[in-house]
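Comments concern the structure below.
Values in this document were obtained by computation on a predicted structure and should not be read as measured data. Chain letters run A, B, ... following the sequence lines, proteins first and then strands; every chain starts at 1.
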There are 2 protein chains.
Amino acid sequence: MSERIAHSGLKSKVMSAEEAAEFVNNGDKVGTSGFTGAGYPKALPTAIAERAKAAHDRGDEFQIELFTGASTAVDCDGVLAEANAISYRTPYNSDPVLRGQINAGEAKYWDIHLSHLGKQVQEGFFGKFDVAIIEAVAIREDGTVVPSSAVGNNIEFIDAADKVIIEVNEWQSRDLEGMHDIYRIEPAGQRTPINITAPGDRIGGTALEFDTSKVVAVVETDRPDRNAPFTPADETSKKIAGHFLDFLEGEVRAGRLSYDRYIMQSGVGNVPNAVMAGLLDSKFENITAYTEVIQDGMVDLIDAGKMTVASATSFSLSPEYAEKMNAEAARYRESIILRPQQVSNHPEVIRRLGLIATNGMIEADIYGNINSTNVSGSRVMNGIGGSGDFTRNAQVSSFISPSVAKGGDISAIVPFASHIDHHEHDAMVIITENGFADLRGLAPRDRVKKMVDIAHESYRPLLEEYVEAASKSKFQQTPHDLARAFEFHTRFLETGSMHK
Amino acid sequence: MSERIAHSGLKSKVMSAEEAAEFVNNGDKVGTSGFTGAGYPKALPTAIAERAKAAHDRGDEFQIELFTGASTAVDCDGVLAEANAISYRTPYNSDPVLRGQINAGEAKYWDIHLSHLGKQVQEGFFGKFDVAIIEAVAIREDGTVVPSSAVGNNIEFIDAADKVIIEVNEWQSRDLEGMHDIYRIEPAGQRTPINITAPGDRIGGTALEFDTSKVVAVVETDRPDRNAPFTPADETSKKIAGHFLDFLEGEVRAGRLSYDRYIMQSGVGNVPNAVMAGLLDSKFENITAYTEVIQDGMVDLIDAGKMTVASATSFSLSPEYAEKMNAEAARYRESIILRPQQVSNHPEVIRRLGLIATNGMIEADIYGNINSTNVSGSRVMNGIGGSGDFTRNAQVSSFISPSVAKGGDISAIVPFASHIDHHEHDAMVIITENGFADLRGLAPRDRVKKMVDIAHESYRPLLEEYVEAASKSKFQQTPHDLARAFEFHTRFLETGSMHK
């Protein structure tokens with residue numbers, strides 16, 4: 001048995017994943033660890049999927065309602081979806097099989113702010129959970145549990161669950177202990193300020209503390225997180241990153257930002273990594289991150305002495321960087337903090353710190369409304385994630401995207417966003433490879449030219465045609481021609497291209 | 001001279017409004033006190049409007065950029081708009097003349113969260129202000145200024161302004177002194193937690209403290225706030241209020257709310273007042289309000305011993321209740337607190353307290369997206385106000401509206417909201433006279449029937465027709481037929497009715 005299971009009572013609960021999966025039944029509400037492919041359980045999902053398949057083969061029903069931190073991986077969401085074992089999913093998913101089931105109307109998906117789910121679980125909206133399944137680095141002698149590469153909603157799910165299953169994963173570095181800052185937000189009526197005034201502040205303990213009598217099973221694993229390989233930045237990403245850095249420089253010139261102690265929030269992806277590569281060679285010093293996920297680019301900034309602290313709830317690293325993290329966690333835990341996602345994404349802290357938020361998008365409209373979730377209004381991609389938590393409360397919110405997708409058939413700038421996840425009152429700066437549109441302080445009709453200017457040149461005439469039609473509106477605060485507002489999207493649905 | 005001007009240096013600055021208006025020039029950025037018709041300056045706007053008219057008569061340009069707390073009144077926004085003296089306005093307007101100019105494309109309007117403007121002024125986005133004009137109850141001997149019936153963005157505007165003009169209004173009760181809780185939120189990098197853990201907590205002083213050498217003029221006035229007469233609740237409002245109270249009772253039964261210490265946030269209007277009338281006869285006790293404005297219904301709840309504390313940034317009372325407040329401010333200041341709007345509307349405090357938010361709306365769509373601002377997508381009514389500050393951070397967010405407007409020609413439930421100010425990730429409960437739709441936790445397509453059920457019966461077949469068309473979408477997360485999504489609105493624009 002692993003030395004990592006040091007609590008004598010819980011040693012006696014060690015069993016196989018198949019045995020542990022017997023605690024999970026049809027119709028159960030199951031909350032798991034896991035956030036952006038890190039820290040999710042790696043043995044139970046497959047074992048539950050096998051149970052579901054066996055039940056389905058017998059003609060019995062077997063589906064669970066699955067609650068996580070955010071996205072997981074093919075060996076969690078993926079295997080369960082393949083087995084048709086998920087009836088309901090929240091708060092965020094990026095698994096392609098499950099996404100297909102959701103868009104086919106076979107699985108139900110509640111797409112919700114990442115800071116909201118844990119709160120609503122605490123507030124009792126979902127009632128009791130049947131099972132919480134939590135990946136850990138170790139169970140300490142006193143029964144407290146050191147989480148692994150994500151903290152997510154662990155506290156809330158454990159508190160709400162009747163039964164807890166712990167997966168102790170030997171692949172995860174033992175030295176992650178000490179990197180976490182585990183702080184429990186109290187229920188309404190007892191809540192006090194979250195005393196974080198800088199990204200590096202620690203306010204909690206290093207492990208999950210709870211009633212260990214809830215633990216019905218401990219399972220040993222040795223499997224890696226889903227770590228997507230790093231793709232080198234392409235020319236478009238580099239251009240977008242360049243415009244973002246130009247924007248930052250402008251803020252410094254305007255006296256609203258300093259080269260010292262810029263606080264970053266960043267969505268995941270190629271462009272953010274290109275931004276971070278740009279920051280390596282910039283005048284910015286003592287950068288910190290208060291964000292959801294630690295990415296390769298932040299590790300580079302830490303190694304270069306450019307970033308002093310990165311606070312998040314999870315890793316989202318390439319395999320190479322995950323290996324480095326595992327090898328050097330004892331060093332990195334001096335400058336990296338993993339928090340519960342209610343804290344990493346909390347409006348209170350985000351608003352207090354005054355950070356600059358940068359998130360991806362599917363499309364933006366000519367007035368600065370942002371679609372982050374549903375392609376052509378109906379087809380969900382991943383979900384809103386934490387973009388709302390950060391955008392609404394940031395000092396500056398920005399959205400980044402190449403101006404076209406699908407080889408030019410989709411324009412990221414449209415007349416009317418076909419689903420709105422961040423609206424004109426929140427989105428401040430929109431950036432494509434063609435430049436940045438700073439919409440702050442502008443009446444809606446003064447934003448239009450800036451948005452058309454960052455569109456792909458092949459779409460500018462079509463956008464101008466719409467703007468001309470909309471300008472005939474009797475009402476000029478937000479001129480629209482509603483009969484034509486979705487013509488980019490309906491053309492795409494009919495012909496496969498937003499082009500005429 | 002009024003005894004209310006006790007500072008010797010500032011006594012020497014007393015002058016007429018006409019003289020003071022000479023400090024305001026064409027192109028100036030002017031920040032004033034005032035929030036929902038309370039606490040706005042009452043002499044300077046008319047004097048500035050006269051200056052503008054004289055300039056226009058001479059063929060000269062004269063327009064200002066006007067920043068306030070929220071809406072003001074006919075003797076502030078109204079007179080300035082009549083004189084074509086406003087080029088730019090933020091963050092909220094309800095004046096009909098100015099609204100007409102905005103919708104005609106003659107004045108520019110930036111419609112923004114009420115908690116955001118002061119923050120952005122502090123963060124330097126607007127640069128220096130030329131003039132701040134602040135209504136006060138008194139100037140104390142030490143030069144500190146006691147605000148009147150609204151606090152709004154007074155601190156931020158004074159801090160940003162080169163010149164400050166104080167209007168000391170004898171109409172406002174001298175006993176308002178002690179009702180305010182003036183707390184200055186520091187700039188990013190120096191901000192600390194806002195130490196409010198219950199609506200009644202006081203964390204600041206009772207007056208505005210600033211460098212009095214900035215004061216260029218003090219003007220004496222004696223004019224009432226704009227206090228709209230109270231309209232008795234109609235049958236529809238009473239029904240909506242009844243459904244809201246049913247919803248609250250359900251939360252109590254589910255163990256998520258207690259009859260003791262329910263915390264209320266409420267938009268302004270007839271329905272909220274009907275809700276408060278309902279609460280008078282309910283089992284709820286020790287109610288508190290953490291909200292933007294103090295309304296008649298809250299005063300009744302306080303008088304009945306049902307409400308212990310109401311915290312806001314402003315009054316919004318009927319003339320009768322304003323008179324009562326002026327007569328008994330010394331008593332009411334024991335249970336009423338007026339705060340800066342950055343604090344009354346702060347995400348940090350709202351989220352911590354766990355309140356139940358209730359705001360009006362123009363329309364909601366079948367998936368729970370809310371339009372609070374633009375009729376048929378283009379014509380702005382008032383603005384988003386504080387509805388976003390409260391909705392995003394409340395324990396439960398609710399929206400209320402009669403199911404039809406304009407004698408039935410407009411449906412409040414539509415296929416696709418023509419402007420989205422609160423989206424499906426934020427809006428939880430929608431209430432009309434036909435019932436409440438509790439959308440929490442539901443996948444989008446499971447919300448549709450609930451939304452159709454609360455629509456007016458005359459619109460249900462049309463909504464069902466759309467739902468049927470949308471159900472043919474290839475993608476079932478949020479099924480839409482984008483070619484028809486705005487058919488309610490385009491029909492209304494063409495025929496004057498959303499009915500066929």
Requested in this report: Under 4.5 Å, counting heavy-atom pairs only, tell me which of B/G127, B/A443, B/G354 racks up the most with chain A.
Outcome: B/A443

**Report entry** Passing option when B/N103 is tested against A/Q477, A/Q476, A/K474 for side chain to side chain contact (heavy atoms under 4.5 Å, CB included)
**Finding:** A/Q477

Query raised in the report: So which part of B/M428 gets closer than 4.5 Å to some heavy atom of chain A, the side chain, the backbone, both or neither?
Result: side chain

Query - Among B/N195, B/V349, B/I196, side chain to side chain contact (heavy atoms under 4.5 Å, CB included) partner for A/P193 - result: B/N195

Query raised in the report: Got B/H419 and A/H480 here, is their nearest side-chain heavy-atom distance under 4.5 Å?
Result: no

Requested in this report: Look at B/D421, B/L493, B/V375 and state which one has the largest set of heavy-atom pairs under 4.5 Å with chain A.
Outcome: B/D421

Requested in this report: Specify whether B/H422 and A/H423 have parallel, tilted or perpendicular ring planes, treating 30° as the upper limit for parallel and 60° as the lower limit for perpendicular.
Outcome: perpendicular

**Report entry** Side chain, backbone, both or neither of B/R491 within contact of chain A (heavy atoms, under 4.5 Å)
**Finding:** neither

Report summary line: Whatever's closer than 4.5 Å to a heavy atom in chain A on B/A104 counts as backbone

**Report entry** Interface residue of largest heavy-atom contact number with chain B, from A/R256, A/Q120, A/R191, A/H425, under 4.5 Å
**Finding:** A/H425

**Report entry** Interchain contact, B/T90 with chain A, by part (heavy-atom threshold 4.5 Å)
**Finding:** neither

Report task. Heavy-atom pairs under 4.5 Å with chain B are the metric here; pick the option from A/R484, A/H346, A/R99 that has the most. Result -> A/H346

Requested in this report: Side-chain contact test, heavy atoms from C-beta onward, threshold under 4.5 Å: evaluate it for A/S115 versus B/R351 and give yes or no.
Outcome: yes

Query raised in the report: If you measure from CG on B/N371 to CD1 on A/I420, what distance do you get to the nearest 0.5 Å?
Result: 9.5 Å

**Report entry** A/R379: side chain to side chain donor-acceptor pair (under 3.5 Å) partners, not counting sequence neighbours
**Finding:** none

Query - For B/Q395, all residues meeting side-chain contact (heavy atoms from CB on, under 4.5 Å), sequence neighbours excluded - result: A/E123, A/A188

**Report entry** Proximal component of B/R89, with respect to chain A [non-hydrogen, under 4.5 Å]
**Finding:** neither

Query raised in the report: Less than 4.5 Å apart, any side-chain heavy atom of B/D426 and any of A/H116?
Result: yes

Report task. Between chain A and each of B/T197, B/T192, B/I112, B/N369, count heavy-atom pairs under 4.5 Å; write down the option with the most. Result -> B/T192

